[in-house]
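Here is the structure we will look at, set down as structure tokens.
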Amino acid sequence: MMKVTITDVAKKAGVSKTTVSRIINHNYAHTTEETRQRVLDVIKELDYRPNALAKGLKSSQTNVIGMVLSNLKNPFWTSVLEGVEDATRNQGFHLMICNSDEEPEKEEQYIREFRMRQVDGIVINPTVRNPDFFRQLVDSRYPLVVINRKLPGLNVNNVVINNVKGASMAVRHLLNNGKRNIAAVTYRNEHVSTWKERIQGYRTALLDSGYAAEDLRIVEAEQDSGKIKEATLRFLREHPDTDAVFSTNNMITLEVMDAIRELGLSIPERIAVVGYDETVWAKHLNPPLTTIRQPGYQMGQIATNMLIEAIRTKNETEPKQIVLEPELIVRRSSGAAE
């Protein structure tokens, strides 16, 4: 007599193999009472016995975690990845990495592939443009830690940096150095909490120092290469009295400095610059760059340990939000003595 397979059960019950598999594994979240009963009746009728070994493999851990980044070009992620990698290795896990390139379709596809490959959980810097998909992930109790950005309205493990404080520190430092007409340069993207919070920190520091809302100088541009430089050139030509620029991201900083040089203006004598994100090259720029340092390595390490704890406890603990503190690194670009 031929062995009855899961395909036979699915065919007879008029459902997919996935549905049969879910019911066998007591996962009834996506099935109606009626479907469940029908599948169980067919299993009984055909005397279907799941392969115990395959079932064991399916339900056990693979000790692999996935990581989805949004932009691998940004050197900040090198330090985060080091933290993730060290923690993964220390805990006896392996790591798979993908880059969504800020594209929500890619992000969703990679996460689906991770789940298909039985990856135990993921650490993600999200595009924040797949809210329904992430809600499903959370509802299905899939182990997940969101880093650097926030997913509004979702109760998930989250490791972020105090961006409002970091930006305020940067702007107050420029004010203390006698700068009065300070511009902030950022990407135009309403989804990303980090850049919004840094602009909030800029705004707070100036308003608390007696500036009016109309005194704020916020320059926004798309994330495409060269767009920030164009916007900065245009803004500085229209507002030649600008004496300092606060950049909200290290990739932005390079384009801002490029624009300032193209106009023949000296840094910091004519325009001071403070960047966000300490990188290996910040101190080698000419002049060396004052930056806000984010504890990227710790972020990666903490997020990974949180994820592995969620995997081991089957997500039974209440999700936590951890906020790490930024630090100002003073160099010559801001007009201060090193």
Side-chain angles (χ1 to χ4, degrees), residues 70-71 74 76-77 79-80 102 124-128 145-177 179-221 223 228 244-253 256 272-279 282 289-300 302-303 319-330 333-334 336:
S70 63
N71 182 4
N74 186 332
F76 166 65
W77 292 108
S79 60
V80 177
E102 297 288 4
I124 185 163
N125 180 45
T127 62
V128 201
V145 177
V146 174
I147 54 170
N148 189 52
R149 297 174 179 175
K150 294 171 183 169
L151 285 174
L154 278 186
N155 193 17
V156 289
N157 281 315
N158 197 198
V159 186
V160 292
I161 290 160
N162 191 338
N163 289 292
V164 176
K165 181 178 174 183
S168 292
M169 283 160 76
V171 176
R172 287 183 209 286
H173 171 71
L174 289 166
L175 289 168
N176 292 342
N177 284 343
K179 304 303 170 189
R180 289 296 165 259
N181 301 315
I182 304 166
V185 185
T186 190
Y187 288 130
R188 185 179 290 121
N189 188 323
E190 76 275 20
H191 303 288
V192 176
S193 55
T194 43
W195 304 326
K196 282 197 289 193
E197 288 166 358
R198 288 169 200 171
I199 290 298
Q200 191 188 327
Y202 160 83
R203 193 185 295 276
T204 303
L206 289 182
L207 297 180
D208 286 355
S209 303
Y211 285 71
E214 55 269 24
D215 299 327
L216 303 180
R217 302 174 179 222
I218 298 166
V219 184
E220 286 188 325
Q223 221 173 325
I228 287 286
V245 175
F246 164 56
S247 157
T248 57
N249 165 288
N250 60 34
M251 306 305 285
I252 288 175
T253 306
V256 164
V273 176
V274 177
Y276 213 102
D277 290 341
E278 171 64 4
T279 60
L289 183 67
T290 295
T291 63
I292 296 294
R293 190 184 85 81
Q294 305 196 80
Y297 181 88
Q298 289 91 320
M299 178 189 264
I302 290 165
K320 293 192 282 278
Q321 183 178 68
I322 291 179
V323 182
L324 304 175
E325 292 302 315
E327 176 194 352
L328 177 72
I329 309 233
V330 178
S333 73
S334 56

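This structure is a prediction, so every number in the text was calculated from the model and none was measured.
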Kindly give the heavy-atom pair with the smallest separation between [X] and [Y], and that separation in Å.
{"X": "Leu175", "Y": "Ser209", "value": "CD1-OG, 3.4 Å"}
{"X": "Arg198", "Y": "Thr248", "value": "NH1-O, 2.6 Å"}
{"X": "Val146", "Y": "Leu151", "value": "CG2-CD1, 3.5 Å"}
{"X": "Ala167", "Y": "Gly201", "value": "CB-CA, 3.8 Å"}
{"X": "Ser168", "Y": "Thr204", "value": "OG-CB, 4.5 Å"}
{"X": "Tyr276", "Y": "Gly166", "value": "OH-CA, 3.5 Å"}

Measuring from atom [atom1] of [X] to atom [atom2] of [Y], what distance do you get when rounded to the nearest 0.5 angstrom?
{"X": "Glu327", "Y": "Met169", "atom1": "CD", "atom2": "CE", "value": "7.0 Å"}
{"X": "Ile199", "Y": "Thr186", "atom1": "CD1", "atom2": "OG1", "value": "4.5 Å"}
{"X": "Ile161", "Y": "Phe76", "atom1": "CD1", "atom2": "CZ", "value": "4.5 Å"}
{"X": "Gln298", "Y": "Ile322", "atom1": "CD", "atom2": "CD1", "value": "12.0 Å"}
{"X": "Leu206", "Y": "Asn181", "atom1": "CG", "atom2": "CG", "value": "10.0 Å"}
{"X": "Gln294", "Y": "Asn162", "atom1": "CD", "atom2": "CG", "value": "10.5 Å"}

Could you check if a side-chain atom of [X] sits within less than 4.5 angstrom of a side-chain atom of [Y], using non-hydrogen atoms only?
{"X": "Arg172", "Y": "Asp208", "value": "yes"}
{"X": "Asn249", "Y": "Tyr187", "value": "yes"}
{"X": "Gln223", "Y": "Glu102", "value": "yes"}
{"X": "Asp277", "Y": "Asn74", "value": "yes"}
{"X": "Val256", "Y": "Val219", "value": "no"}
{"X": "Leu289", "Y": "Ile329", "value": "no"}

Where the side chain of [X] meets the backbone of [Y], is there a donor-acceptor pair that is under 3.5 Å apart?
{"X": "Lys196", "Y": "His191", "value": "no"}
{"X": "Asn157", "Y": "Lys320", "value": "yes"}
{"X": "Asn177", "Y": "Leu174", "value": "no"}

By the definition side chain to side chain donor-acceptor pair (under 3.5 Å), identify the one residue from Lys150, Lys165, Arg149 that meets it with Glu197.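 So, applying the side chain to side chain donor-acceptor pair (under 3.5 Å) to Glu197 and each of Lys150, Lys165, Arg149, only Lys150 qualifies.
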Among Leu328, Thr291, Thr290, Val273, find the residue that satisfies the side chain to side chain contact (heavy atoms under 4.5 Å, CB included) test when tested with Ser334.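 Only one of Leu328, Thr291, Thr290, Val273 forms a side chain to side chain contact (heavy atoms under 4.5 Å, CB included) with Ser334, namely Thr290.
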Determine whether the side chains of Asn163 and Thr194 contain a donor N or O and an acceptor N or O closer than 3.5 Å.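 No, Thr194 and Asn163 have no side-chain donor paired with an acceptor closer than 3.5 Å.
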Might you work through the side-chain contact (heavy atoms from CB on, under 4.5 Å) test for Ile147 and Val80, ending with a clear yes or no? CA-CA 10 Å; Ile147 54 170; Val80 177; 3.9 Å; yes
Ring-plane angle category for Tyr202 and Phe246, please: parallel below 30°, perpendicular beyond 60°, tilted otherwise.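 Plane angle under 30°, so parallel.
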Run the side-chain contact (heavy atoms from CB on, under 4.5 Å) check on Ile228 and Met251 step by step: do they pass? CA-CA 9 Å; Ile228 287 286; Met251 306 305 285; over 6 Å; no
NZ/NE/NH1/NH2 to OD/OE distance under 4.0 Å, Arg188 and Glu220: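 Result for this pair is yes, salt bridge flagged.
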